[in-house]
Every structure is written in structure tokens, then in C-alpha cells.
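What you are looking at is a predicted structure, and each value in this text was computed from that prediction instead of being measured.
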Amino acid sequence: MASIEPLVPGTARSTDQGGGRVETAIVGGGQAGLATAYWLARAGRECVVFESRARIGDQWRARYDSLRLFTPARADGLPGTPFPGPGSAWPTGRQLADYLEAYAGSLDVPIHRGVRVTSVDRDADGGFVLETTAGELRADNVVLAAGSDAAPKVPEFAADLDPGIRQLHSSGYRNPAQLLPGPVLVVGASQSGADLALEAAQAGHETWLSGRHHGEIPVDERIVGPIFWIAQNYVLTLKTPIGRKMRPVIRHGGSPLIRTKRADLDAAGVRRTQSRTVGSSGGLPQLDDGTVLDVANVLWCTGYRPDYSYVRPATVGADGFPAETLGLADGVPGLFYVGLLFQRGFYSHLVGGVGRDARFIADRIAERAAERTAARPATP
């Protein structure tokens with residue numbers, strides 16, 4: 001197979017030519033990968049970024065049309081570049097996509113767009129071999145920053161529902177025009193579920209929202225921004241008992257409502273229930289309290305399954321998330337993660353927070369490079 005030659009620093013353009021080795025390969029050109037590239041470049045460390053999509057930010061352009069971040073613009077900037085516009089505004093998904101694309105263009109780092117990494121294997125010298133859709137590359141370090149949303153998660157009983165019911169996972173939903181006339185069941189009561197339930201109700205559909213509610217920030221985050229920022233960065237972290245308790249909850253869809261609140265849902269007429277959707281009866285969705293809902297549409301806001309099967313040796317824990325400690329892969333020196341849900345704290349998966357973990361990992365990479373240099377035999 002042909003090999004990839006890292007681009008000349010500063011070009012930041014996609015390529016499919018050449019061959020060689022790079023100090024650090026970053027898998028994923030979203031906010032986590034770009035923030036890591038920023039800090040590595042600042043430290044004078046060589047790196048290259050692989051983004052499987054044709055454009056930086058496309059993962060956000062593909063989300064539902066009405067998507068807005070649940071943190072205001074003043075909290076959404078990546079290292080070195082504030083998010084443009086009024087600080088109190090809620091950025092849309094497409095605004096974030098454009099911001100990420102511009103941010104990538106400002107980096108003095110090679111970026112391979114439209115190139116998917118298909119495997120990451122250990123090399124005999126302690127580094128890694130990456131096979132990609134554009135060729136092979138060797139690297140001393142690999143940062144996996146592609147997120148945990150590889151595959152939409154839908155329960156098996158979805159196949160038992162009447163084929164006349166329109167089913168959409170949140171990843172495939174764009175706007176209410178996709179819905180059939182009639183009632184809508186939204187499964188999953190975290191932020192995306194609340195957003196889509198509100199939108200369906202406002203579009204005139206009788207709407208049910210099924211799933212456990214994990215609380216909410218009781219006031220506008222823009223008003224209590226400093227308090228919320230302190231909670232994200234210093235309270236809800238792996239350093240505190242409450243943070244360690246919250247991590248598995250957050251990782252399995254238990255985020256509190258931040259922007260769309262229960263009062264908004266109630267005002268729109270959304271019928272909220274803590275009962276979970278657990279099966280089907282007569283081709284209709286059934287709740288765990290026995291209620292059977294005669295609906296025309298089901299929107300699955302049930303999250304995603306991570307996929308790290310392309311990484312060998314496997315570093316996945318029992319919960320489906322990577323076996324890692326503070327972003328360092330357990331037992332695999334040189335393999336790192338950035339952007340995981342609650343990697344080191346609640347802030348870790350937020351656009352404006354990921355830069356903190358990215359800097360931590362960049363520092364570990366610099367330390368590893370120094371150790372490897374010191375371990376090399378002296379040249380006669």
C-alpha cells in the first residue's frame with residue numbers, strides 16, 4: 001500500500017501522496033483533534049490530523065436543523081480563538097461547523113481531509129502503524145479524538161414496531177417535515193430528546209417524551225455562567241466524589257437539561273413520562289409501566305455506541321468506553337484520547353472545555369518525546 005507523507009507545516013490541505021513517519025498522528029478533525037493540534041504546534045511538536053469527512057465541521061452540519069449548543073458563545077471557544085459574535089448567544093450547529101473550519105485553517109498543522117483511519121497497530125519499535133484510505137503512516141504517538149458517536153444506538157425491539165410507524169434516530173432527523181401526521185414518541189430525555197420533543201410539539205404533533213429525567217440547571221446558564229463554569233471545571237471532575245459518581249451517569253445519557261427546560265416542554269404540551277420505552281405490543285411502543293402508545297412516529301434520542309475496533313490491541317473497557325486513565329490508554333504507551341465524555345470532568349466533552357484536556361495530553365506527548373530521546377544511545 002502507498003504511504004502518506006506528512007504535509008509541509010502551514011499548508012493545512014488534504015493529500016493522498018507520499019510516505020514517512022510523524023511524531024504524532026491525530027485521528028479526528030473535530031474540536032478535540034484541532035485543540036490537540038493547537039497545543040502540540042505551540043509546543044513545537046510535529047503532528048498531523050486525519051479527518052474522515054470532506055470538510056472540517058461536517059459532523060455538526062449533519063445534525064438536526066434547529067440544533068443549538070447548550071453553552072453560550074463565550075464558553076465555546078477553542079484555545080487561542082474566541083467564538084465570534086455576542087457572548088450570550090446560543091451558537092447553532094452550523095455556526096460551530098464554520099468556526100471549526102476557520103480554526104483549522106489558522107493552524108500551522110497538516111490536515112488530511114476526507115481520509116479515514118482504518119487501523120492502528122503497535123509497531124515493533126514501540127510506535128504505531130496507521131492504515132488509512134489514502135495509504136500508510138507510522139507515528140510515535142496516536143491521539144484518538146474522533147469522539148464516541150461511531151454508530152447510532154437503537155434498541156433491538158425497534159424492529160418489532162409496525163412498519164407503518166416512521167422511526168428516526170436523532171442522527172437522521174433534520175426537521176419536522178420528516179414526520180408523518182399524528183403523534184410522536186421521543187425516546188430519551190436528555191438534551192437532544194428535549195429539543196426534538198419541543199420541536200415536534202411546536203409543529204402541532206401530540207408528543208410524548210419517554211425516559212428518566214436527570215434534572216436540569218434551574219436558571220438560564222447565561223445568568224449563572226461563572227457558577228456553572230466552576231462546577232464544570234472544578235466540581236464535576238474525577239478529583240471529587242460527586243464527579244466520580246456522575247461520570248457513568250453522564251456517559252450513559254444522564255446529562256441534565258441546560259438550555260431546553262422542563263417548563264418549556266410543559267408549556268408546549270409535551271407529555272413527559274419517567275417511564276422508559278422497553279418493548280412493543282401489537283406493533284406499538286410499550287413503556288415499562290405497561291402503557292402502550294399509539295403513535296405515528298418514534299424519534300430515538302438514545303445516543304451512540306463507540307467503536308474502537310480498528311485499534312489494536314483493543315483498549316475498551318466493560319462499559320464500551322476506552323480503558324484509559326486521564327486520557328492515557330491503559331497499558332499502551334503512546335496511545336491517547338481527547339474529547340471522551342467526562343474524560344477528566346464534565347467540561348471534557350464541551351467545545352469550550354476540551355482544550356484543557358488537549359493541553360494535558362500534548363504535555364504528556366512532549367514528556368514522552370523527551371524520555372525517548374534520552375533513552376537513545378549516544379552517537380559516537
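For the residue pair Thr277 / Ser210, a side-chain donor-acceptor distance below 3.5 Å is found, with atom types taken as modelled. When only modelled atom types and interatomic distance are considered, Asp330 and Thr325 share a side-chain donor-acceptor pair under 3.5 Å.
With hydrogens and angles ignored, the 3.5 Å screen pairs no side-chain donor or acceptor of Asp288 with any backbone N or O of Ser275. Proximity of a side-chain donor or acceptor of Glu206 to a complementary backbone N or O of Pro183 within less than 3.5 Å is not detected. With hydrogens and angles disregarded, a donor-acceptor distance shorter than 3.5 Å links the side chain of Arg251 to the backbone of Leu341. A donor-acceptor pair under 3.5 Å is absent between the side-chain atoms of Arg138 and the main chain of Asp123, judged by distance alone. Of the possible donor and acceptor atoms, one in the side chain of Thr118 sits under 3.5 Å from a partner among the backbone N and O of Glu131. Glu324 places a side-chain N or O within donor-acceptor distance of the main-chain N or O of Leu326, the cut-off being under 3.5 Å.
Ring-plane geometry between Tyr103 and Tyr99 is classed as tilted, the angle between the planes lying from 30 to 60 degrees on a 0 to 90 degree scale.
The two residues Ile361 and Gln343 have their closest heavy-atom pair at CG1-NE2, 4.5 Å.
For residues 171-182, the side-chain hydrogen bond (donor to acceptor under 3.5 Å, both in side chains) pairs, not counting sequence neighbours, are Asp65-Asn175, His169-Ser171, Tyr173-Glu199. Evaluation of the ring-ring contact (aromatic ring centres under 6.0 Å, His included) test over residues 135-159, restricted to residues two or more places apart or in two chains, returns Phe157-Trp300. Sorted by first and then second residue, the pairs that involve residues 338-347 and meet salt bridge (Lys or Arg N to Asp or Glu O under 4.0 Å), not counting sequence neighbours, are Arg344-Asp357.
Aromatic pair Tyr337/Phe321: centroids not less than 6.0 angstrom apart.
A salt bridge links Glu23 with Arg45: at least one charged nitrogen is closer than 4.0 Å to a carboxylate oxygen. Note on Glu101 versus Arg61: salt bridge recorded, some NZ/NE/NH1/NH2 to OD/OE distance being below 4.0 Å.
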Exercise for review: Start with the C-alpha gap between Asp289 and Arg276, add the side-chain angles, then the distance that decides, and say whether salt bridge (Lys or Arg N to Asp or Glu O under 4.0 Å) holds.
Suggested key: CA-CA 8 Å; Asp289 64 3; Arg276 297 170 56 244; over 6 Å; no
